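Notes follow the structure.
Quantities reported herein were computed from a predicted structural model and do not represent experimental measurements. Only heavy atoms go into these numbers, but all of them, side chains included; no hydrogens, no water, no symmetry mates.
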Amino acid sequence: MSGLDRDGDVFILDLGDGENRLNPDSVAAINLALDEVVAAPAPKALVTTASGKFWCNGFDLTWMTANPGEIEPFIQSVRVLFARFVTLPLPTVAAVGGHAFGAGAALALTHDQQVMRVDRGYFCFPEVDIDIPFSGGITDLIRSRLPIRTAHEAMTTGRRYGGDDALAAGIIDGVADQDKVLPTAIGMARPLTGKAGPTLGTIKSRLYATAVAGLVAGQAVEVPI
């Protein structure tokens, strides 16, 4: 992970320039960055970005294959991270300049708003094609963030949505050219920095209470999302 930067009142969390897969080290680094953002005084907002071909390519399957005995607590730590993002007491925007697949797509949905690159990059839940059903918490998260017909299509067909398709389907809030994705996301976040605070966190916690409860329930893990 490339780390945390700041543009005025907008924090910028850079996931990196590789596939940016989720593993214990990346989850720990993201949580440390969120600790710093949450501790900072308002006004503030957060934009999560990445460089390269991928925004986030989901779980680190190489690590999971090498560490089968640690998969269950790791997957639960990711779900808890998702619940944390959903309920952050500050505005959040995902600047999705590359592919967001599987858990990476779910991570994008944990942000308040999303902007995608218009000409390249896909948003996709491939679980139906790789025989991995969604957990209850992730299902609730997707249902809470997408129009139900879009959620059905995305989850049951594995469709790959480009930027324009994702915007039309109600998955994201905007599209931009490659070099404008991050500036566009910052521009979306900046007017909202004054909203940061406990009240916003409470509103989001109650709005997404069902999804959050499912994510943090600690249920037995049968599949990696």
Side-chain angles (χ1 to χ4, degrees), residues 10 12-13 15 19-22 45-59 82 85-88 91-130 132-192 195 203-204 207-208 210-212 214-215 225:
V10 179
I12 302 170
L13 174 61
L15 298 177
E19 292 194 14
N20 308 325
R21 289 183 178 270
L22 299 172
L46 174 68
V47 169
T48 304
T49 187
S51 54
K53 183 177 180 181
F54 294 90
W55 187 77
C56 179
N57 201 19
F59 290 112
F82 287 176
F85 261 106
V86 168
T87 59
L88 280 173
T92 59
V93 183
V96 186
H99 299 308
F101 283 97
L107 177 60
L109 291 183
T110 66
H111 292 66
D112 299 329
Q113 299 182 76
Q114 301 80 20
V115 57
M116 280 181 65
R117 180 174 169 177
V118 69
D119 59 332
R120 287 187 64 187
Y122 291 111
F123 178 101
C124 176
F125 289 115
E127 282 72 15
V128 70
D129 294 319
I130 55 178
I132 298 177
F134 297 87
S135 69
I138 295 296
T139 298
D140 288 336
L141 170 65
I142 297 170
R143 283 173 54 89
S144 69
R145 296 296 290 143
L146 299 183
I148 188 60
R149 294 187 68 84
T150 298
H152 179 92
E153 178 183 59
M155 297 173 74
T156 65
T157 72
R159 176 177 173 180
R160 296 186 176 194
Y161 297 85
D164 285 334
D165 292 336
L167 182 62
I171 297 172
I172 63 173
D173 300 275
V175 294
D177 293 334
Q178 177 184 8
D179 60 345
K180 299 289 179 59
V181 173
L182 179 57
T184 298
I186 293 172
M188 294 164 68
R190 199 180 305 281
L192 300 174
K195 311 294 184 185
I203 289 171
K204 292 199 285 186
L207 181 62
Y208 298 110
T210 299
V212 169
L215 289 168
I225 186 169

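Q113 is linked by a side-chain hydrogen bond (donor to acceptor under 3.5 Å, both in side chains) to nothing, counting only residues two or more places apart in sequence or in another chain. Every residue two or more places apart in sequence or in another chain that forms a side chain to side chain contact (heavy atoms under 4.5 Å, CB included) with A154 is listed here: F125, Y161. Partners of D173 according to the side-chain hydrogen bond (donor to acceptor under 3.5 Å, both in side chains) rule, which considers only residues two or more places apart in sequence or in another chain, do not exist here. Here K195 pairs with nothing under the salt bridge (charged side-chain N to carboxylate O under 4.0 Å, His left out) rule; sequence neighbours left out. Remark: L167 pairs with I172, V175 by the side chain to side chain contact (heavy atoms under 4.5 Å, CB included) rule, at least two apart or across chains. Looking at residues two or more places apart in sequence or on another chain, you find a side chain to side chain contact (heavy atoms under 4.5 Å, CB included) between V86 and T110, L141, Y208, V212. Remark: D165 pairs with R159 by the salt bridge (charged side-chain N to carboxylate O under 4.0 Å, His left out) rule, at least two apart or across chains. With sequence neighbours excluded, the residues satisfying side-chain hydrogen bond (donor to acceptor under 3.5 Å, both in side chains) with H111 are T48.
Proximity of I171 to L146: side-chain heavy atoms (C-beta onward) are separated by under 4.5 Å at one or more points. Residues L46 and I12 fail the side-chain proximity criterion, which asks for heavy atoms closer than 4.5 Å. Annotation: side chain of L215 is not in contact with side chain of F85 (no heavy-atom distance under 4.5 Å). No side-chain heavy atom of T156 sits under 4.5 Å from any side-chain heavy atom of V128. Put simply, the side chain of L22 reaches to within 4.5 Å of the side chain of C56, judged on heavy atoms.
Annotation: salt bridge (charged side-chain N to carboxylate O under 4.0 Å, His left out) contacts involving residues 175-189, sequence neighbours excluded, are absent. Residue pairs meeting the salt bridge (charged side-chain N to carboxylate O under 4.0 Å, His left out) criterion with at least one partner in residues 107-118, sequence neighbours excluded, are D112-K204, R117-D119. For residues 134-146, the set of pairs meeting the salt bridge (charged side-chain N to carboxylate O under 4.0 Å, His left out) definition, not counting sequence neighbours, is empty.
Considering every non-hydrogen atom in both A100 and W55, the closest pair reads CB-CE3, 4.2 Å. The shortest non-hydrogen separation linking P147 to A169 is CG-O, 3.7 Å. The minimum heavy-atom distance between A108 and V96, with the atom names listed, is CB-CG2, 4.2 Å. Pairing each heavy atom of Y122 with each of R160, the nearest pair is CD2-CB, 3.6 Å. A pairwise comparison of heavy atoms in C124 and P126 identifies O-CD, 3.4 Å as the closest pair. Heavy atoms only, all atoms of each residue included: A166 and M116 are closest at CB-SD, 3.8 Å.
One finds the CD1 atom of I148 at 8.5 Å from the CE atom of M155 (value rounded to the nearest 0.5 Å). Once rounded to the nearest 0.5 Å, the distance linking CG of L15 with OG1 of T49 reads 7.5 Å. We find the CD1-CG distance between I138 and L109 to be 9.5 Å, quoted to the nearest 0.5 Å.
Residue R190 qualifies as enclosed at atom CZ: its count of foreign heavy atoms under 6.0 Å is above 12.
Of the possible polar contacts, none joining the H99 side chain to the F54 backbone as a donor-acceptor pair under 3.5 Å is found.
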